[in-house]
Amino acid sequence: MTDLTTFLEVGGPVAALGGGAAYTRAKYPAVYWSAIGGPISTARLLSSYSSVMEACGLTVAPSRLRVLAVKATTRREVRPVPPRRGLIRPTSTGLRIRLRLAPGQEPADVAASAERLRHAWGVHAVYVTTIKPGVVELRLVGYDVLRRVRMPRKTDAGFLKVPVALREDATPFVRDYQTVPHQLTLGATLSGKSMYLRHLIAGLAPQAVALVGIDCKRGVELAPFAPRLSALATDPDEAAKLLPVLVKEMEDRYDLIKARQGIEPDTPDEEITSDIWGLPENERPTPVVLFVDEVAELFLTATRKDEERRDEMVTQLIRLAQLGRAAGIYLEVCGQRFGAELGKGATMLRAQLTGRVCHRVNDEASAKMALGDIAPEAVSAACAIAPELPGLAVAGDTSGGWSRIRTPYLSLGDAAEICRESAHLVPDLPALKPFRPDIPVRLVETPAPAALPHPVTD
């Protein structure tokens, strides 16, 4: 009886502690990592670093001087030398550690052993980044940061930069229009494509840019952001009228640049420019970001007249994609499907879209159209996205790199409110005024007057 009482007194709190840790790990992984997982992984790393590196084949033979020094001072066995380890820097999502590679090693050797390091140190994932020649950084992620997205507090936000999602290595995915001017974003219904677009518009709304939308779903996606839009086309007929205006705006900006390039003998070199960013600030036109939702609707035709209109719109989109960057016009092309079967010009338009983001799609052909020409190995990752993970996507660019990202939740009402608060920032572009959307008046309920007390009478 005494043994049973002792067992209950000791085992009860231990079981409760273990159950609480398991619950915290499942529901609040960030708290679990900071309190329990991080210290445990740090202890594993410190105690097993040399043996793990040797098991992964990341050690080299010691130098002759080291061999002589060890034999002269101790009788220990001379063991292979692992990469020199820097300080361990804990973060809210994992650990960071820098390694100085031994002579003869390269970053690819460490990257090839990332899966082994993950299991040896008990973390969710290990990512390798080259800092400079001979130095790499290991980013150890303690848990699946894409299961419940929490954006970092400090992000690389700035003009024409929008932190729109979180990468699988716990770093923010920043949409930088000056680095990647045009992008193709694909995703099936309920894949999170609209949420991604919502974050982009909400991030650009407080900036000094002109937002233009083409939404062939009668404006149901972009109409809530009408107070901040400089122009909106809600069907192919309106788009056919809007695109030539944007092309003319681009040509006018090139004329402005060429006029500035009228090089005089005394013109300083720094005043000679080939895009709007080299113009003086008081002469620089406002950048324009064009959002095209459901781009396939612009390609579909039913009659011969529709084919002529389609060819004109596709040609204008291709011209904007080819020449728009220098004029400060950027494209964000979205759709559920994008393939060569859409018609003439689809492949040429895709070739001009540097950035690619592929959410869950309904067929492998769409994933190949989005990622196959820049990162073929990313196609299988895009096809493996589960329907119960909306917002999860594979992002890549023409450099060949790719990563999984996920967009945090942002309600439509919050995004629309940001656009309403930024309505005063809509720039004055006379060419786009005929296409300015009608802004519905918000009805404010007038409270009923309070009942006045009746005077007391005899």
Side-chain angles (χ1 to χ4, degrees), residues 157 159-165 173-187 191-207 209-217 219-226 228-234 239 242-243 246-247 249-250 286-299 313-314 316-325 327-338 346 349-359 369-371 374 391 393-398 405 407 410 415 418-419 432 435:
F159 186 59
L160 288 175
K161 292 182 179 181
V162 181
V164 68
F173 174 75
V174 180
R175 177 72 174 94
D176 186 354
Y177 284 91
Q178 290 184 310
T179 303
V180 181
H182 313 303
Q183 182 170 277
L184 174 65
T185 303
L186 296 184
S191 65
K193 173 175 59 67
S194 298
M195 188 70 65
Y196 182 88
L197 185 64
R198 193 178 299 171
H199 272 274
L200 282 178
I201 295 177
L204 290 172
Q207 303 186 23
V209 298
L211 305 181
V212 178
I214 295 178
D215 182 6
C216 291
K217 292 195 301 186
V220 295
E221 292 288 348
L222 299 181
F225 317 120
R228 185 58 181 84
L229 297 181
S230 297
L232 177 62
T234 58
L242 174 60
L243 287 173
L246 290 175
V247 172
E249 176 71 17
M250 179 184 68
T286 303
V288 177
V289 180
L290 172 62
F291 296 95
V292 182
D293 193 33
E294 298 302 340
V295 64
E297 288 293 326
L298 300 181
F299 284 84
M313 288 192 295
V314 173
Q316 290 155 355
L317 278 175
I318 293 174
R319 291 193 64 194
L320 289 172
Q322 288 179 337
L323 307 174
R325 184 208 63 82
I329 299 177
Y330 307 99
L331 269 63
E332 197 75 34
V333 180
C334 307
Q336 296 186 27
R337 172 159 176 75
F338 196 85
L349 175 61
R350 181 196 63 165
Q352 302 297 328
L353 305 177
T354 306
R356 310 288 174 81
V357 173
C358 183
H359 295 76
M369 195 68 176
L371 302 169
I374 60 172
V394 176
D397 54 45
T398 51
I405 64 173
T407 309
L410 176 64
I418 293 174
C419 291
L432 298 179
F435 304 94

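All figures in this text were calculated on a predicted structure; none of them were measured in a lab.
Considering every non-hydrogen atom in both I418 and A202, the closest pair reads CG2-O, 3.7 Å. Nearest heavy-atom pair, Y196 versus E332, reported as atom, atom and distance to 0.1 Å: CE2-OE2, 4.1 Å. Considering all non-hydrogen atoms of both residues, F291 and L222 come closest at O-CD1, 4.2 Å. Nearest heavy-atom pair, R325 versus P181, reported as atom, atom and distance to 0.1 Å: CG-CB, 3.7 Å. When every heavy atom of L184 is checked against every heavy atom of L186, the shortest pair comes out as CD1-CD2, 4.0 Å. Taking both residues in full, the closest heavy atoms of I329 and L246 are given as CD1-O, 4.0 Å, listed atom of the first, atom of the second, then distance.
If you take CD on Q207 and OG1 on T286, they are separated by 12.5 Å, rounding to the nearest 0.5 Å. Distance check: L323 CG to I318 CD1 gives 11.0 Å after rounding to the nearest 0.5 Å. To the nearest 0.5 Å, the span separating CZ on F225 from CD1 on I201 amounts to 4.5 Å. Taken from CZ in R337 to CE in M369, the straight-line distance is 8.5 Å, to the nearest 0.5 Å. Rounded to the nearest 0.5 Å, atoms CD (Q336) and NZ (K193) are 6.0 Å apart.
Here the side chains of L243 and L290 are in contact, with some heavy-atom distance below 4.5 Å. For the pair V209 and Y330, the minimum side-chain heavy-atom distance is 4.5 Å or more. The side-chain heavy atoms of L197 and T185, taken from C-beta on, include no pair separated by under 4.5 Å. A heavy-atom distance below 4.5 Å is not found between the side chains of T354 and H182.
Both the sub-6.0 Å distance and the 45° axial angle are satisfied by R175 relative to the ring of Y177.
Counting only distance, with no hydrogens or angles, the side chain of R356 and the backbone of A370 share a donor-acceptor pair below 3.5 Å. For D215 (side chain) and L232 (main-chain N/O), no donor-acceptor pair under 3.5 Å exists by modelled atom type. Listed for the Q322 side chain is no donor-acceptor partner under 3.5 Å among the backbone atoms of Q352. Under a 3.5 Å cut-off, the side chain of R228 and the backbone N or O of A205 do form a donor-acceptor pair.
Applying the 6.0 Å contact sphere to CZ of R350 captures more than 12 heavy atoms from other residues, nucleotides or ligands.
Partner L317 forms a side-chain contact (heavy atoms from CB on, under 4.5 Å) with one of V333, I214, L331 and no other, that one being L331.
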Dump the intermediate steps for side chain to side chain contact (heavy atoms under 4.5 Å, CB included) on Q183 and V357, then the final yes or no.
CA-CA 8 Å; Q183 182 170 277; V357 173; 3.6 Å; yes

